[in-house]
Each structure stands twice: as C-alpha cells, then as structure tokens.
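Input: a single structure, listed below in structure tokens.
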Amino acid sequence: MVASVAPLTAPVEPDEALRRIAFLLERERAGSYRVEAFRKAVVTVRETPPEELRRHHAEGTLQKLPGIGKSTAAVVGEALDGDLPAYLMSLQDRAGALVTGGEELFASLKGDCHSHSSWSDGGSPIEEMVLTAVELGHEWLALTDHSPQLRVANGLSVERLTKQLSIVDAVNRSLGDGFRLLKGIEVDILDDGSLDQTEAMLGRLDVVTASVHSKLRMNAAPMTRRMVAAVSNPRVNVLGHCTGRLVTGSRGKRPQSEFDAQAVFEACAEHGTAVEINSRPERCDPPDELVLLALEIGCLFAIDSDAHAPGQLEMKAYGCERAERLGVPADRIVTTWDVDRLLDWTSS
Ligand SMILES: [Zn+2]
Ligand SMILES: [Zn+2]
C-alpha cells in the first residue's frame, strides 16, 4: 500500500478495522452511503461492551446490533478472531498512490487551512478528523466549518461556533504538544465583499478561509470588487477555491466565476492573503493559468484538502502534484509551515 498511512496488520481491534475501511473508502471516493455503514458501525462497536460483542459473535448475532449489517459483521467477527479482516486486506492491497508527482512536497506539508466536520456539512465528528490528521503525520489542522448564511451546509451561528471553540480547546488539551487543532472558519464572502460572521467571532479564530458560495455568476466588475474587499480584510488569511468552478463529479460541472484575477491576486499579495490551491478533484481550483499568475504576482499559497471526511484529508496530494508541476516553491506554501510560523502569519 502506498497510502500515507501505514497499513494495519493483525491483530486489530474491530473499531480500528472499521474506521480504517471507512478511511480507505473515502480516500478512493466511494459513495457516502457505503462509507456511512462503516462509520456507523464504529460507533456501535465502541458503545458495546467487549464481552457483549464477543457473545454476539459466538452466537452469530452481531447483526442484531444497531447499524451492523452483513459486511460490517464479517469485519467485526474476523477482527475478534484475531485475523486481518478480508475486506480491509483487499482495500489495503489496492490502495495505490493517489497521484504521481508532488510526493516530496506532500511529505513536507505540516497542515491544512480548510476542513469540515459534521458540525456543518462534513461526515465525521471533529475528533475523527483530528485522529486521521495525526495518522497522516500532520502537525496542525484548521477546522473551518461553514458560516451562517450557508444554511444548506448547516453553517454555524455565533452560538454554535462559540460552542465549537470550547470543544477545540478540549481536543487540544487532550492531545498534548504533538498536534494542534486550530480554530477556524470557511466564511462566506457576501455580495458586497463583507464576511458572514461577526467581527468579534472572527477575532477569536486562528485561521480564516474566505470563499464565494453564492451569486457565482455575478458580473466581473462587482465580483472583482467583492473579492478584493474580502482578501484585503485583515481578518482573512486564505482565499478559498477562488473561481468556484467544478470540473468533474456528482455535482456536475460549473464554469469559473468571472473576475479580474490580476487585481484580486495583487490585493492578496499586498495584504498577505494566501491563494488556496483547492485539492478536491472536482474543484481543482484555481486552474493552472491562474496559479501561474498568482505565482508571478508574488502571492502566498495554501494547499488545502477542503476535506468533508477524514479520508479526504489526503487529497492534498493532488494539490501538491499541481503546485510542484507549476513550480510553486515550498516556502511560499503556508501549509508547509510549522504551527508557530503559521500563527505568526495569521495574526499579523
Ligand atoms: Zn467552499
Ligand atoms: Zn469547504
């Protein structure tokens, strides 16, 4: 297996086998319905006392437990017998590298400025995102759930974000020194370029990634003003998926928004706002020619996963392939920086 996470070998705990299967399915972009079965089974297994789990296995009644079906029961049973579950083995065997190229840059990444949990439209709890980031060798991860306007994505109100920040503190206390979960947001850039969260809340965050999610077809002049205003805002650190294009995938295709990229990237460079290289294959945003333009103008970059599930955190490999091929120097990429340098930059 060439994935960035070392393969599991027997013996393996049933919940570890299930979560690794979910990770590998997410990584190969399997349907969320299939992944969900394994993620749900993890919860059930963790909530079931070990002796009860063994008794169900011995009696052949694992499927009587909530959320356990035929394939998840087989995985649990094989793990309880001390074997490496066959399904896990086959997934590990076929897990090749996501992409050829950019390996060195990927290995030098230390964090990610864009990730979602089940608090907004992600599929997994914060703790699971963090655990996977640790397994991938990250040193930090910015948790950037959506802002209130994005109701379809269950964007966080001031109250919910406040609550999330105390959970981030608790996660960091339990993690110790080796890893830092950063407080963040993917804040909507409103029509006039203002941000969809209060100034006081934004001031409490470590990383602010700002993205356009509405009125993507606005005329170029107002769209340029909107984006320039956002990236010039001292609270904004990263400009997320700047063109909004979709190039493949279940949501279909969407053309780039129209704006004066020269003006937007010049404002990014002037205000120290990083241009995101969004690694999601369906976004692949910005396109090559705009990455080259931002490079020439002197912008910083953030290679982000925009992960909505733990297995998607590794998708930064795609962004790294692009950045390396386009000649973006590693030191201009803020996600290669250690957490102290990153926080110096975001707070300046
Ligand atoms: Zn977004
Ligand atoms: Zn996002």
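In listed order, ligands and their atoms are each counted from 1. The shown structure was predicted, so the numbers you read here are calculated from the model rather than taken from an experiment.
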Quiz item: With respect to the Zn ion (ligand 2), what is the nearest N, O or S atom of Asp306?
Solution: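 The nearest such atom is OD1.
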Quiz item: Which of the N/O/S atoms in His213 sits closest to the Zn ion (ligand 1)?
Solution: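 Going through the N, O and S atoms of His213 one by one, NE2 ends up nearest to the Zn ion (ligand 1).
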In plain terms, say whether [X] and [Y] are close enough for a salt bridge, that is, a side-chain N and a carboxylate O under 4.0 Å apart.
X      : Y      : answer
Arg39  : Glu128 : yes
Arg55  : Glu51  : no
Arg29  : Glu26  : no
Lys316 : Asp112 : yes

Exercise. Could you tell me the angle subtended at the Zn ion (ligand 2) by OE1 of Glu186 and NE2 of His116, rounded to 10°?
Key: 90°
Quiz item: Measuring to the Zn ion (ligand 2), does His114 have an N/O/S atom at a distance below 2.8 Å?
Solution: yes
